[in-house]
Amino acid sequence: MMAHLPVMQVMVPLLAAPLCALVRNGRVAWGIAVASSWAAFWIAWEIFQVVHSTGAISYSLGGWSASEGGIEYRIDTLGTFVLMVVTLVGAVVTPYALESVGKEVDKSKQALFYAAFLLCLAGLLGIVVTGDMFNVFVFLEISSLSAYALIALGKDRRALRASYQYLIMGSVGATFIVIGIGMLYVMTGSLNMANLAILLPELSSNRTIPVAFAFLTVGVCLKLALFPLHMWLPNAYTFAPSAVTAFIASTATKVAIYVLLRLFYTVFGSDYSFLEMQLGTYLLPLSLIAIFSMSLVAIFQANVKRMLAYSSLAQIGYIILGISLFSSTGMTASILHLFNHAVIKGCLFMALGCVMYRLNSVELDDMMGLGKKMPLTMGAFLVGGFGLIGVPFTAGFISKWYLIQGALEKGLWPVAVLVLLTSLMAVVYIWKVVETVYFSEDPGSVNSDCSEAPIGLLIPTWTLAILCVYFGIDATLTTFGASSAVANLMGIGS
Amino acid sequence: MESNPILRIATKIMTPYILMFALYVQFHGDYGPGGGFQAGVIFAAAFVLYALIYGIETARLVLPMGVAALCGALGVLIYAGVGIATMFLGGGFLEYGFLDSHDAEHGQHLGILLVELGVLTTVFGVMVVIFYSFAGRGRVEE
Amino acid sequence: MSYPLMLCMIVSIPFMGAGLILLTGKYPNLRDSISFVVATILCASVYQLIEPLRQGSLHEVTLLEVTTGISLALNVEPLGLLFALVASFLWIVTGLYAVGYMRGHHEKNQTRFFACFAIAIGGAMGVSFSANLFTLFAFYELLTLCTFPLVTHHGTPEAKRAGRVYLGILLSTSVGLQLLAIIWTWNLTGTLDFRPGGILGGTASNSVLSILIALFVFGVGKAAVMPFHRWLPAAMVAPTPVSALLHAVAVVKVGVFTILKVAIYTFGLSTLSELASTPWLRWIAAVTIILGSLVAFTKDNLKARLAYSTISQLSYIVLAALLANEFAIIGGGMHIAMHAFGKITLFFAAGAILVAAHKTDISDMRGLGRKMPLTFGAFFVGSLSIIGVPPAGGAWSKWFLGLGTLEANEQGLLAVLMLSSLLSLVYLLEVPVRAFFSSPSGVEQETGVKEAPWPCLVAMGVSSGLTLGLFLFPDFLYEMMKMVFGS
Amino acid sequence: MSALSFLNYWFVIILMMVGFYVLIAQGNLVKKIVGLNIFQTSVFILYISAGKITGGTAPILDTQWSVYSNPLPHVLILTAIVVGVATSALGLSLVVRIKEAYGTIEEDEIAQMDESL
Amino acid sequence: MLAVTALIVVRTQNLFAVAMLTGIYSLLSATFFTLLDAVDVAFTEAAVGAGVSTVLMLGTLSLVGHRQKKQRTVQIVPLLIVTVTGLILMYGTLDIPPFGEADNPIHLHETTVHYLEESSHETGMPNVVTSVLASYRGYDTMGETTVIFTAMVGVLLLMSGRKKDGTGGADDGE
C-alpha cells in the first residue's frame, strides 16, 4: 500500500466527495470529510518521511510511464512540504466546519458543501503531486470550480458577485495557462515537466518559449492574486463562509505559488527564468508595491475580514519577494512563509469565524469590548495577529527573519527597510482590532448578550494558534522542510 | 407543447432511437469517434427532449432529481473505483492491464469500457441535474 | 537549586506572579500580598547570583534553539545583574507604594494593572539576563506590549491617544531600526551572542558599522534619544506607580541598558571608539541632555517635568556608552542605579502629592510642604541625586562620567554635563522651594490636606534612604562595574 | 516558413482576442460567459491546428492509411471542452442567482447597488 | 465565417440572438475540427457547444431576460489589453513550427510515436484518441469527470432550495 501513497493522497478526498454527495445528511457528510481530511494529512506525513529518507517519489498512473505517454506523479521535497501545508489546514478546518457551516449554510446544502470542500482539497492536492502540465490544469479547474461554488454560499448577496468575479478572472487565468501549456507542447511535443525541462534548454533562442513563459506566469499570477491581478480576492475572502475563507486563504494561493515555483525551477529552469527572462526585475517591484499598497489599504478597512484579505495580498507579496530575490535564503524565506502564513491566516480567519458565529458580523464597530466576552476567541486572534506582524516567538518572525536576511545578502537594504516598515503597517491594522476589542467599552448594542464561541470552533482555532507559536519557538521542522526543498530546487546538495 | 399529439408521438418513437444511438456512440468509441462523454450528452439530450415534450413533472417521475444526482456521483465512483480495483489487483492506479490476469490487452479493453461507462453515468446525471435546476427554477418563478 | 534552573526561575518568577495575580483577582488583599511576596522572592533570588558571579562560575544557558543560530539563551554578566538587582529591588518598594496609591486613588481594573506590572518586570529580567540580541529583542518587545495596557489604564480618549504614540514610537523604532540592525549584525557575523570585546570588530567597513551603531542608538526607542523621545512624556498619563517604576526605571533603563550592552558586547569599546559616527552620536546625546533639561523647565505639570528630566538623564548613559572608555562605562552603569533610585523617589513623591492633595501642577503646590513634609523631604533628596551633588548617590556616577569625557578628549561634553546639572538644579529644586517657602494660596487652606497613605510613605522613605546610602557606600556598584572589564 | 502558414494561427488569435474582449469589456454577465466560450473555443482550434499533419487522417488506425494526425491534442481538447462547459454551467447558475438577488445582470448596476449599501 | 460570427456576437444586443450565434459558432468550429482530422473533438464540440451550451444559455436567458443594456461603443482599456495580448501571442507564433508539417516536434516526440505505434496492440483499440483518453491519459479523464461532477455539486449548491423567497439573498445583504 505504501507504494500507492501518492495516488491515495488525491484519491481519498476525491472519492470521499461523491460519497458526501450521496449520503445527503450533513452530519454524516461531515464525518466523512473529517475522516478523509485526517487520512490525507496522515498520508502527507508519511510521504514527507518517505521523500526525506529516499528522495523524490515518482508514480506512473495507469502503469504508463511518461515516455509511454502516461501521466506521472512526482513528489519532491517542495511538493511534500506543500502537501503538508494543504492537508494540515484541511485537517484543522474540517472539524471546525461542523459548527461554523452549520450556522452559515442551509441545512439541506451541507452534505453538498462538504462534497465541494473535499473536491477543492482533492484538486489542490492533485496539482501538487502531478508532474504533468496538462494535469495541473485539470486539477486546477477542479479546485477552482469548487472554490467558486463554496464562495457563492456566503450569506451576503455580494458573495455571488464575488464568486462570479472570481470565476471570470480564474477562467481567464486558466485559459492563459492552457495557452502557455499549448505553446510549450507545440514546441516540444511533451507535457511532462521533467521531460520539458530537458527539451526546453535546446530551444532557448526560440521566440515562442518566452511567450509561453509569459502566459503561464500571468495565468498563475492571476490565480495567486499577485498585484495588480488581485481584484477578485478581497471580495471573495470577505463574503465567503468563514470555514471556506479560512481554508481557501491558507491553501489556494499557496498552491498557486507552488505551481509558479514548479514552472520557474523545474520546467523552465532557474537559469532561464531568472537570468534570461530577468524575472526578478519584474517580480521584485511588483511584490514591493503589493506589500506596501495592500498593507496601506488594509489599514483603512472597517470590515475585519476584508482587512485580513488585503493583508493576505500583502503577505503574498512577501512570498513573491522572497522568490524574486533568487537566492537560497530568499527562497527559504518564501517557502517558510508559505507555511507560516497558512497557519497564521487560518488561525485569524477561524477566530473571525467564531466572531461571525456569535455576532453575525465582523465589522470593527460591532466588536467593541469583545475581548471580555469572547476571551479565548480574541486570544487566538491576538496570537495570529502577532504572527502576522512578525513578533518574536511566533511563526511570522521566522519567515521575516529569513526574508530580510535574503534582502541584505543581495545588498538590497532598502527592501529590508521596506519589509520592516510594512510590518509596522501590520501592527497598525492589527492594533486597530486589538484596541477595539480590548480597550473599548462596549456600547451595549450589537454584542451585548454574546458569549464565548462553542468549543468545537475554539479547538481548531487554538490548534493553529498554538502551531503559530510552536513554529515560532521551535522552527527546526519547518526550516528543515523549507531549506531541503530549496536545496532540491536550486540544485544545491542533495 | 405538452398537448401537441404529433410531437408527443414523435418523441415517443424517437427516444429509444436516440438512446440506442447513444449506446452505439458509447461502444463504438473504440473504432470510430465517440465515447462516454458524447454518449452521456446524447443520453441526456434524449431525456431533455422527453422532459420538454411531456413536461418536467412527468420527467421527474421517470427520473427524480435525486437519482440523477446519484448518477453524477456514481460515475466518479465507478471511474475511481476501477483505479482502486487495479491497485488491489497488484497494478498501479488505473492500470487496466491487471483487470484480466491472463490477457493485458483484454484487461485494457475492459478497463476502458468500464471507465467510459463511468463517464457516461456522470455526464448523463450531471446534464440532467443541470437541466432540472435551470428549468425548475424558471417554472417556480413564473 | 542548580544554576540553569535558578536562572530560568528568576526570569519566570514574575510571569508566574502575573498568573497568580490574575487567579486571585477577586481577593484584593491576597492579590496585593502575592505581588509583594513574588517581588521579594525575585529580589532575593537575583541576590543569590552575586556570589557565583564573583567567582566566575557562571555560564550561558540555552533554553531553546528556534532555528539555526537563533536561540533563546540566558547568561549572567555584571551589568545585567546590576540592572536586575535594581529593578527587582525597586519592584518590592513600588509594589508597596502601588497598593497605597491604587487604593488611595480608587483605580479600576487593578488586577489587570498588577498582572501587567509583573509581566513588565519579567520582561526587564529577561532583557537583563539575555545572552544574545535575539533574546534581548524578544523581551524588549514583550515589555513594550505589556506596558501598553498600563499606559492606557484610564481608558480615556486622551489615554488612548497617548497609548498610540507610546506604542507607535516604541514599535516603529524597534522594528524599523533595531531589528534591521540586529539582522544586519547577524548577516555580518553569523552570531548574535554578547561576547566580551564585541563581535563586530573588523567584519565590515567603518562606514557600515557607523550606520549600524546609529541604527542601534535610534532603534532602541526606550533610551529616548531625540527625536524619538515623545513616547515618554506621553506615557505619563499612566498611574504614578507605572511612571515611577516603569518609566523611570524598568522600561527606560532597558533602553539604555541595551545600548550599553550593544556598545560593550556587540561592537566592543575599541571598535566603537574608532567609528566615524560615534562623535556625531555623542553630540546628539548631548543635545538631548540639554534640550530635555530646557523643556523640563517649561513644564508646569510635575510628572511632565520629571519625564523630560528622565529624557535628559537617559542620554547621560547613552553618552557614556558612546564615549566608549572604562570610566564612562562605569559611570553609565552606576548612573543606571543612581538615577533609578533618585527618580523613583521623585515620582513617588509626585504620586503622593496627587493622592493626598490632588495636585498635578507645580504652581499649585505652594506651601504644600508644610502639610506634607515627609513627601517633599524625599523629593528634595531625590533631586539632589539627579542633580549630582553630595550627599546623594548621583554624585558618583556623574563624577565617573566626567572622567570619561576627559579620557575621550571631549571637553565640550564635560561642559554639557555641567550645564545640564545646573539646569536640573533649577528646575527640580523649584518644587520643594515653592512647597516649603512660598505661602499657600487662599484656596488651599480650606481643604484638610495631610500626608499620603502609609505604604507610600514607607516606599518613599526606603528609596530616598537608599539614595543617600549609595553616596556613602558606592563600592558595591563600582566593584560590579569593574567586573565588566575584569574578565 | 511562408506567410501562409502563420495565417491560420493569426486568424485564430484574432478570434481569441474577440472573445477575450467580450469577456473583459462587456458589462452584461451572460455575455461575459459567451466571451469566455469564444475565447476558449479559439484556444482549442489552436491546439488542434498544431496536431494536424497535411495529408494525414484522423487517428483511427486502419490499414489503408499510414499518416495520422496527432491524437494527443485531441484528447487534451476533449478534456478542455468539458472543463469549459462545466465552467459555463457554474457561471450561468451564478448569473441566475445574481439576477434573483440584484434584479439585474449588468455589472455597473450591480456595482452601484453594492456601493450604496 | 467564424470571425464574422464572433464579431456579430460582440455587437448584438439581443442576448437570445447571441446565444444562438454562439451555438452557430460552435458548430462552425466543429466543422473546422473535422477538417483538421479531429473527429472526436468535432463530435464533442457539436454536442457540447451547439447542444448543451446553447440549451444552458437559453435556460439562463429565460430566467434573466434577454435584453442587454446599451453598451458604450468601444472601451479603450480592455481594447488595449486585448491588442497587447494578441500581439504578444502573434509574436509567439513567429517561431512556431509550420502548420501541417509531419516533422514538427510534437509529431516526433516519443509519446506520440508510442501512441500511434503501440496503442493498437497495447490496448486493442483502433481509435487512438479513445485509448489515449481512457488509458494512457486516463487519469486526466478521471479529472475531467470530476470536473463535471464538481460543476454539478456547484450548480446544485447554487440553484437548489431558497427559490421561494423570490428575491433570493437580497434582504440579507446589509
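In what follows, chains are A, B, ... by sequence order, proteins preceding strands, each numbered from 1. Quick caveat: nothing in here was measured; it's all calculated off a predicted structure.
A/P18 and B/A73 make their closest contact through CB-O, 3.6 Å (heavy atoms, listed as atom of the first residue, atom of the second, distance).
Contact annotation: the side chain of B/L77 approaches that of A/L22 to within less than 4.5 Å [non-hydrogen atoms, C-beta and beyond]. No side-chain heavy atom of B/F93 sits under 4.5 Å from any side-chain heavy atom of A/H4. Residues A/V7 and B/L94 have side chains not in contact (no heavy-atom distance under 4.5 Å, counting atoms from C-beta outward).
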